[in-house]
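Okay, so here's the structure we're looking at.
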Amino acid sequence: MTQPALFIAHGAPTLAIENNAYTAFLRRLGQEILSRPKAIVLFSAHWDSPIQFVTSDQVHDTIHDFYGFPDELYEINYPAPGSSELTAKIEALFKDGNLAYKSIAGRGLDHGAWIVLREMFPACDVPVVALSVDARRTPAEQYAIGKMLMALRDENVLVIGSGGLVHNLRMLERSGDSPSSWAVDFDKWIEEQLANWDLRQLFEYDKRAPHAREAVPSYAPEHFAPLLYAMGASDNDRSASKLHQEYEFGNLSLNCWMFGSKS
């Protein structure tokens, strides 16, 4: 069975205790839209490191890496199993790609990972290997790392990049009833490039996309990076389908893109 690769926006931590159109979509994504994967590889925006880390846990701890939120958020536990077999395969692929990496145990899943996974696979029974991103790398390098994992999709492994295309917490509009025009313009530009799989444009999105500085602020480029990692994992099947799009707080983009086909 072949799995697609996904880019999924994880929004704000409160998504974990909300029941709305986006959480309903994520539940439907895991239970109806996708075929059940054997395992999951997940790149999270909240694990940004110059070292390429690969988790090797048998069972993941749950990291509550946020502050000042409702108490019930800190009580959520998502002890997803790991997979030593999948970790070994990823390490071998990185070695073949001449990418330096480091296995790590005990790190746990950050909220960029477990919030998405908990909605999609609430039984917590799909093995997960979490990978770090490196926002300092060029988009081409991020894409190339994802491409190293392309073959895993043919082994029923789902590759997910969890982040946010428009993710600027300093520009949120708490009372915004309609999406900010600049956020919509940026997302539409990204959509146009994904439709054509125009890597030349996407690799220079920071110079070419409208309102790129607002959508991907200099203090948080790591939220955009998972898009490129997920795309790279589908380099052999360059197709993109938008599964969901909405906005929270005026311009926090909640979207999901599927790359490649599933069978």
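For clarity, every value in this text was computed on a predicted model and none was experimentally measured. Quick note: residue numbers are just sequence positions, from 1.
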When rounded to the nearest 0.5 angstrom, what is the spacing between [atom1] in [X] and [atom2] in [Y]?
{"X": "M1", "Y": "S35", "atom1": "CE", "atom2": "OG", "result": "4.5 Å"}
{"X": "M258", "Y": "S234", "atom1": "CE", "atom2": "OG", "result": "9.5 Å"}
{"X": "T23", "Y": "E18", "atom1": "OG1", "atom2": "CD", "result": "7.5 Å"}
{"X": "R36", "Y": "F121", "atom1": "CZ", "atom2": "CZ", "result": "7.5 Å"}
{"X": "L99", "Y": "Q52", "atom1": "CG", "atom2": "CD", "result": "5.5 Å"}
{"X": "F203", "Y": "Q193", "atom1": "CZ", "atom2": "CD", "result": "12.0 Å"}

**Request:** Tell me yes or no: between the side chains of S253 and Q245, is some donor less than 3.5 Å from an acceptor?
**Result:** yes
**Prompt:** Looking just at side-chain N and O atoms, do S180 and E173 make a donor-acceptor pair shorter than 3.5 Å?
**Reply:**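 There is such a pair (donor and acceptor under 3.5 Å, judged by atom type) between the side chains of S180 and E173.
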Using modelled atom types only, decide if a donor and an acceptor are shared between the side chain of [X] and the backbone of [Y] within a distance under 3.5 Å.
{"X": "Y22", "Y": "E248", "result": "no"}
{"X": "N168", "Y": "R170", "result": "yes"}
{"X": "E214", "Y": "A183", "result": "no"}
{"X": "S132", "Y": "S49", "result": "no"}
{"X": "T87", "Y": "T55", "result": "yes"}

Check whether [X] and [Y] end up in the same hydrophobic cluster, where Ile, Leu, Val, Met, Phe, Trp and Tyr are linked by side-chain heavy atoms less than 4.5 Å apart.
{"X": "Y205", "Y": "W182", "value": "yes"}
{"X": "I145", "Y": "L228", "value": "no"}
{"X": "W114", "Y": "I17", "value": "yes"}
{"X": "M120", "Y": "L243", "value": "yes"}
{"X": "L254", "Y": "I160", "value": "yes"}

**Request:** Verify side chain to side chain contact (heavy atoms under 4.5 Å, CB included) between L34 and L158, making sure each step is shown before the conclusion.
**Result:** CA-CA 9 Å; L34 297 174; L158 177 64; 3.8 Å; yes
Exercise: identify the closest heavy-atom pair between [X] and [Y]:
{"X": "L42", "Y": "A113", "result": "CD2-CB, 3.6 Å"}
{"X": "H10", "Y": "A45", "result": "CE1-CB, 4.2 Å"}
{"X": "A135", "Y": "P221", "result": "CB-CG, 3.9 Å"}
{"X": "W189", "Y": "A209", "result": "CE3-CB, 3.4 Å"}
{"X": "A80", "Y": "L109", "result": "CB-CD1, 3.9 Å"}
{"X": "A230", "Y": "G161", "result": "CB-N, 4.1 Å"}

**Asked** salt bridge (Lys or Arg N to Asp or Glu O under 4.0 Å): which pairs involve residues 134-145, sequence neighbours left out?
**Response** D48-R136, D134-R136, D134-R137
**Asked** What pairs of residues pass the salt bridge (Lys or Arg N to Asp or Glu O under 4.0 Å) test when at least one of them lies in residues 102-122, not counting sequence neighbours?
**Response** R27-E119, R107-D110
**Parallel, tilted or perpendicular: ring planes of F186 versus F224, cut at 30 and 60 degrees** = perpendicular
**Request:** Could you tell me how the ring of F66 sits relative to the ring of Y74: parallel (under 30°), tilted (30 to 60°) or perpendicular (over 60°)?
**Result:** tilted
Is any side-chain heavy atom of [X] less than 4.5 Å from a side-chain heavy atom of [Y]?
{"X": "L202", "Y": "Y143", "answer": "no"}
{"X": "Y78", "Y": "I115", "answer": "no"}
{"X": "W257", "Y": "L194", "answer": "yes"}
{"X": "I90", "Y": "L152", "answer": "yes"}
{"X": "P127", "Y": "L86", "answer": "no"}
{"X": "F259", "Y": "D237", "answer": "no"}
{"X": "L93", "Y": "Y101", "answer": "no"}
{"X": "C256", "Y": "L29", "answer": "yes"}

Just wondering, are more than 12 heavy atoms of other shown residues or ligands nearer than 6.0 Å to [atom1] in [X]?
{"X": "Y67", "atom1": "OH", "result": "no"}
{"X": "N98", "atom1": "CG", "result": "no"}
{"X": "R238", "atom1": "CZ", "result": "yes"}

**Message:** Taking the basic N atoms (NZ, or NE/NH1/NH2) and the acidic carboxylate oxygens, is any pair closer than 4.0 Å for E192 and K188?
**Reply:** no
**Request:** Sequence neighbours left out, what pairs pass side chain to side chain donor-acceptor pair (under 3.5 Å) with at least one residue falling in residues 56-65?
**Result:** T62-N77, D65-H111
**Request:** Would you sort out whether K89 and L149 count as a side chain to side chain contact (heavy atoms under 4.5 Å, CB included), showing the intermediate values?
**Result:** CA-CA 9 Å; K89 287 184 177 180; L149 306 181; over 6 Å; no
